[in-house]
Amino acid sequence: MKYEFHAIEKKWQKKWDEEKTFKAVTGDSKPKFYGLIEFPYPSGEGLHVGHPRPYTAMDIIARKRRMQGYNVLFPIGFDAFGLPTENYAIKHHMQPSVVTQRNIAHFTEQLKTLGYSFDWDRCVDTTDPEYYKWTQWIFLKMFEKGLAYKTYMPVNWCTSCKCVLANEEVVDGVCERCGSPVIRKEKSQWMLGITKYAQRLLDDLDGLNFIERVKIQQRNWIGRSTGAEVVFSTTAGDSITVFTTRPDTLFGATYMVISPEHELVNKWLDKLENAEEVTAYKEEAAKKSDFERTELSKEKTGVELRGVRAVNPVTGGELPIFISDYVLASYGTGCIMAVPGHDTRDWEFAKKFSLPVIEVVSGGDVSKEAFTDCETGTMVNSGFLNGLSVEQAKKKIIEWLSDKGLGKEKVNYKLRDWVFARQRYWGEPIPIVKCPVCGFVPLPESELPLLLPEVKSYEPTDNGESPLAHIRDWVECTCPKCGGKAERETDTMPQWAGSSWYFLRYMDPHNKNELASKEALDYWGMVDWYNGGMEHTTLHLLYSRFWHKFLYDIGVVPNPEPYAKRTSHGMILGEDGQKMSKSRGNVINPTDIVNQYGADTMRLYIMFIGDFEKAAPWSSDAVKGCKRFLDRIWNLGERVSGGGKGYSRNNEASIHRTIKKVSEDIDAMKFNTAIAAMMSLVNEFYDKGADRDDFCALLRLLSPFAPHIAEELWQLQGQKGMCCTQPWPEYDESKMVEAEKTIAVQVNGKLKTTVTVATDAADDAITAAACADDKIKKILGESELIKTIVVKNKLINLIVKPKNA
RNA sequence: GUCGGCGUGGCGGAACAGGCAGACGCAGGGGACUUAAAAUCCCCCGGUGGCAACACCGUGCGGGUUCGAUUCCCGCCGCCGGCACCA
């Protein structure tokens with residue numbers, strides 16, 4: 001009988017579907033396991049070969065957990081709002097909702113051919129009004145608590161998408177999605193106050209089982225730094241507050257810099273001798289795009305504010321004040337004290353503008369470069385701080401400043417509040433009404449969902465307005481508070497809104513009254529294991545942690561963190577080792593592989609391709625190896641079921657070792673070595689033979705990886721029930737022990753030969769066996785044995801020296 | 001600049017609480033079966049020398065610790081990724 005993978009796969013997929021084999025049951029008494037993968041964006045291109053890697057991995061884990069007796073929630077859904085769909089719809093004169101439904105249908109079909117054990121009854125779609133009702137509801141709760149607010153500020157504006165971007169969406173000065181230049185634009189924007197959660201987002205990382213690089217990246221992004229705020233008085237009367245991480249160097253401050261956008265600059269303008277020059281610089285800086293500000297040479301520019309001077313609070317000395325775009329308006333106070341002796345940027349600026357450099361920490365040569373070491377130096381030229389270490393000086397100066405009311409300890413974060421509005425059509429409408437009398441008024445909960453109106457034209461505009469703004473009969477409404485004429489907010493939410501809480505909806509996807517019932521939220525609790533891409537570390541992963549903490553604070557969810565464990569997979573590269581892209585022509589379509597070799601081969605190969613965490617190039621040849629492996633298992637099945645002539649049960653130790661290896665490797669996501677172990681076992685079955693029990697043990701191990709062939713062979717072997725619902729095989733350490741061990745024999749650390757001794761043989765016995773070896777005898781005849789080192793069951797090392805040395 | 005990660009055969013990759021480097025697979029070579037090919041099954045497969053037994057070399061480079069180092073330590077080189085005028 002031939003291995004007819006197409007028919008077999010279809011047969012079992014249908015059966016799993018009909019019998020709802022993978023249904024998750026809220027409230028079940030079995031221990032629960034919630035395994036999550038990042039739900040796909042249903043693009044028009046269909047499934048990409050990048051999708052099956054994480055999906056297959058979590059499917060294997062979920063299938064194993066079910067066999068181990070867990071009540072498993074392994075859901076799927078679609079993150080369907082977003083620009084590519086909208087752009088496609090514009091181009092083809094279609095409704096985005098129609099395009100979305102078509103794409104979801106296509107994705108569903110493709111995903112089903114891969115045999116994933118999703119509970120399809122829990123499928124969610126972020127563009128479904130029954131879903132986004134709750135996205136809007138969460139927004140309203142945030143508005144209520146003051147976390148959602150509208151403010152006028154410079155924002156990142158993508159010139160191609162024609163909408164604003166969050167900080168996290170700007171990569172190297174360009175739009176992370178389309179690669180177009182990002183410019184700064186002053187706009188009134190809805191914001192979410194993620195910075196209020198900065199410290200908690202940081203602290204709570206410690207208790208989570210996230211892979212370290214995710215934690216590190218989130219910590220970097222949050223960017224906490226401790227230092228002090230110091231108040232400088234000025235000759236203009238106003239004081240300047242600066243943030244510094246080096247308050248110890250206060251005696252070394254020789255000038256001040258404030259960012260060009262700072263309000264004091266405008267305030268002082270008529271006092272300045274060079275107001276024109278200052279204004280010109282301000283305008284120049286405002287014109288620079290983010291790209292220019294970061295990518296241009298680090299050559300410092302700036303203009304002194306002539307006519308105003310600052311006063312150093314410890315020395316009483318007057319300091320010149322500059323504006324320069326190397327000081328960012330959006331970090332700290334937008335002002336710094338410049339200590340050129342001990343800060344590289346200040347040093348460069350001071351050299352360019354011939355400003356004095358004072359050494360206040362000894363140990364370097366400040367005439368040559370800034371000395372920035374905090375560990376070794378001693379304070380000098382610093383009055384009452386002289387002789388102290390940097391650490392001691394920091395403490396002392398902060399005390400001194402606090403006493404005088406001139407400063408205090410201060411923590412700052414790089415994290416910025418989240419720009420939460422897009423001037424595009426295909427997103428969740430923001431459920432807020434602008435009333436000329438009452439200001440921003442939230443829609444009452446009873447009016448949710450606020451539906452996205454069906455319109456003919458939804459092209460983005462150049463004037464920074466959302467396409468929704470043109471739909472007057474939708475925009476014009478009455479104020480829910482005063483009943484007067486009002487207008488709706490016309491911006492929509494960013495792509496990241498729907499995905500910030502989707503894992504909660506899976507717990508209770510059809511609930512009409514709540515985002516999910518308390519019972520479901522309590523039962524499923526935290527996501528036990530979440531695997532996803534590194535590219536979402538400072539986007540979706542951080543955002544959803546923030547939303548979850550908010551929901552926890554208002555009593556909706558029972559845990560302060562959403563995900564107990566986070567792992568991440570490497571990218572699948574093209575056959576040429578390059579990132580897959582249409583323009584390179586190196587894209588592999590998973591459906592083609594399924595058609596050619598079957599889903600089981602596809603699943604197996606994508607897991608065998610290499611270390612799960614690392615990027616791996618696709619290899620068309622290597623796929624065949626996995627197909628060959630399945631063929632060998634198939635053929636073995638026929639030999640076993642054909643009577644098993646000449647096969648005997650002499651594989652016990654190997655089987656138990658393989659069970660242990662596969663079990664442990666799945667939990668450690670070392671799928672490649674788990675498969676290698678099964679391959680070795682099959683090789684051994686070919687070598688030594690196997691009986692039905694041996695073979696069925698293998699099928700159960702194989703089942704999570706290649707579920708269809710495992711089911712079929714299970715049935716052909718006359719076994720009862722489905723293979724995927726059998727208990728996971730157990731191993732017995734005592735049965736893994738072999739009678740004999742091969743011991744490496746080294747002389748002076750170099751391998752000479754091997755000997756076979758009984759397992760756990762005593763050191764003496766090993767030594768005797770080694771010395772009895774002909775080759776070793778010869779060596780010992782010519783040398784003097786000084787010492788022997790025995791590592792039980794592994795190795796013996798004989799230390800010798802020449803006889804007459 | 002800074003913080004992570006990684007450098008192992010022709011290729012993808014194994015092995016690291018220090019203990020037989022190259023598991024498993026791909027590609028390659030040989031054989032069996034076949035009229036033949038494919039498929040399948042069996043064997044070989046890091047390098048150099050040798051008919052062979054065997055010897056020497058070999059985990060990016062240079063040192064060190066150790067009976068023994070791919071694994072630990074110090075110093076370089078090279079790739080990949082995060083952050084970056086964040087005071």
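The shown structure was predicted, so the numbers you read here are calculated from the model rather than taken from an experiment.
- The nearest whole Å value for the distance from the CG atom in A:L798 to the C1' atom in B:C67 is 10 Å.
- Taking a pair as Watson-Crick or G-U wobble with both distances under 3.5 Å, RNA chain B forms stems of 3 or more consecutive pairs at B:1-7 with B:77-83, B:10-12 with B:24-26, B:28-32 with B:40-44, B:46-49 with B:54-57, B:60-64 with B:72-76.
- Atom CG of A:L355 and atom CH2 of A:W347 lie 12.5 Å apart (nearest 0.5 Å).
- A distance-only check finds no donor-acceptor pair linking the side chain of A:W221 to the backbone of A:I216 [under 3.5 Å].
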**Request:** Heavy atoms under 4.0 Å is the rule here; annotate nucleotides 3-15 of chain B 5' to 3' with B where the base is hit, S where only the sugar-phosphate is, and - elsewhere.
**Result:** ---------BSSS
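- Counting to the nearest Å, the C1' atom of B:A87 and the CD atom of A:E409 are 16 Å from each other.
- In this structure, A:G223 and A:A676 both approach RNA chain B, and ranking their closest nucleotides by distance from the 5' end singles out A:A676.
- Spacing of P atoms, B:G12 relative to B:G7, comes out at 12 Å, to the nearest Å.
- Spacing between B:A87 and B:C16 at atom C1', rounded to whole Å, works out to 43 Å.
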**Request:** Evaluate the ring-ring contact (aromatic ring centres under 6.0 Å, His included) criterion for residues A:F322 and A:Y255: first the C-alpha distance (whole Å), next the side-chain angles of each, then the deciding distance (0.1 Å), finally the verdict.
**Result:** CA-CA 8 Å; A:F322 288 79; A:Y255 63 101; 5.7 Å; yes
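- Put simply, CG on A:N635 and OH on A:Y686 are 4.5 Å apart, with the number rounded to the nearest 0.5 Å.
- Rounded to whole Å, atom P of B:G82 lies 7 Å from atom CD of A:Q217.
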Atom pairs under 3.5 Å, N or O on each side, protein against nucleotides 37-44 of chain B: can you list them with distances?
from  : atom 1 : to     : atom 2 : distance (Å)
B:C41 : OP1    : A:R632 : NH1    : 2.8

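- Applying the 3.5 Å distance criterion, the base of B:C85 shares a donor-acceptor pair with the side chain of A:K300.
- In this structure, A:R219 reaches neither bases nor backbone, as no heavy-atom distance under 4.0 Å exists between it and the strands shown.
- For the pair A:W221 and A:K414, both in contact range of RNA chain B, the more 5′-proximal nearest nucleotide belongs to A:W221.
- Considering only side-chain N and O atoms, A:T742 lies nowhere under 4.0 angstrom from the phosphate OP1 or OP2 of B:C20.
- A:E348 and A:Y326 share no donor-acceptor pair across their side chains, judged by distance under 3.5 Å alone.
- Here the separation of B:A38 from B:A32, taken at their C1' atoms, is 16 Å to the nearest Å.
- Remark: P of B:C20 and CD of A:E740 are 19 Å apart, rounded to the nearest angstrom.
- Checking B:C24, B:G81, B:G19 against the side-chain heavy atoms of A:S680 singles out B:C24 as nearest.
- Heavy-atom minimum distance, A:G252 versus A:P340: O-CD, 4.0 Å.
- Side chain of A:K215 to main chain of A:L205: a donor-acceptor pair is present (N/O by atom type, distance under 3.5 Å, no hydrogens or angles).
- With both ends at atom P, the span from B:G13 to B:C6 equals 14 Å, rounded to whole Å.
- Residues that satisfy the ring-ring contact (aromatic ring centres under 6.0 Å, His included) test with A:W618, not counting sequence neighbours, are A:Y605.
- Nucleotide B:C85 holds its C1' atom 14 Å from the CZ atom of A:F353, rounded to whole Å.
- Residues A:D373 and A:T376 bring a donor and an acceptor atom of their side chains to less than 3.5 Å of each other.
- Below 30°, between 30° and 60°, or above 60°: for A:F353 and A:F349 the angle between ring planes is below 30°, a parallel geometry.
- When the C1' atom of B:A23 is taken as reference, atom CG of A:D665 falls 12 Å away, rounded to whole Å.
- Under the 6.0 Å distance and 45° angle rule, A:R603 does not count as a cation-pi partner of A:F705.
- Closest contact between the side chain of A:D621 and the listed nucleotides B:C26, B:A87, B:C85 involves B:C26.
- In this structure, B:G13 is classed as anti because its glycosidic torsion departs from zero by more than 90°.
- Using a cutoff of 4.0 Å between basic side-chain nitrogens and carboxylate oxygens, A:K352 and A:E299 are scored as salt-bridged.
- Rounded to whole Å, the separation between the C1' atoms of B:C61 and B:G10 comes to 23 Å.
- Taking OG1 of A:T658 as the reference point, atom CD of A:E684 lies at 7.5 Å (rounded to 0.5 Å).
- With 3.5 Å as the limit, one finds no donor-acceptor pair spanning the side chains of A:R416 and A:T195.
- Taking atom P on both B:U71 and B:G63, the two are 14 Å apart, rounded to the nearest angstrom.
- With no hydrogens or angles considered, no side-chain donor-acceptor pair links A:N672 and A:D611 at under 3.5 Å.
- Using a 4.0 Å cut-off between charged side-chain N and carboxylate O, A:E782 and A:K777 make no salt bridge.
- Out of B:G25, B:C56, B:A87, the shortest distance to the side chain of A:T244 is found at B:A87.
- Here, B:U40 and B:C33 have their C1' atoms 9 Å apart, quoted to the whole Å.
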Under 3.5 Å, which protein N or O atoms sit close to an N or O of nucleotides 68-73 of chain B? Give each pair with its distance.
none

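- The two residues A:S324 and A:P260 make their nearest non-hydrogen contact at O-CD, 3.3 Å.
- Note on A:K775: only backbone sugar-phosphate atoms sit closer than 4.0 angstrom, heavy atoms only; bases stay farther off.
- Residue contacts shown for A:K794 are limited to sugar-phosphate atoms, with no base heavy atom under 4.0 Å away.
- Summarising the geometry, the separation between CH2 on A:W347 and C1' on B:G1 is reported as 16 Å, rounded to the nearest angstrom.
- Remark: the A:S620 side chain and the A:E575 side chain contain an N/O donor-acceptor pair separated by less than 3.5 Å.
- Between the CG atom of A:L415 and the C1' atom of B:C83 there is a distance of 14 Å, given to the nearest Å.
- Defined by atom type and a distance below 3.5 Å, a donor-acceptor pair is missing between the side-chain atoms of A:N412 and A:S225.
- A gap of 34 Å separates the C1' atoms of B:C26 and B:C72, to the nearest Å.
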Check nucleotides 45-48 of chain B for protein N or O atoms closer than 3.5 Å to its own N or O atoms and list the pairs.
none

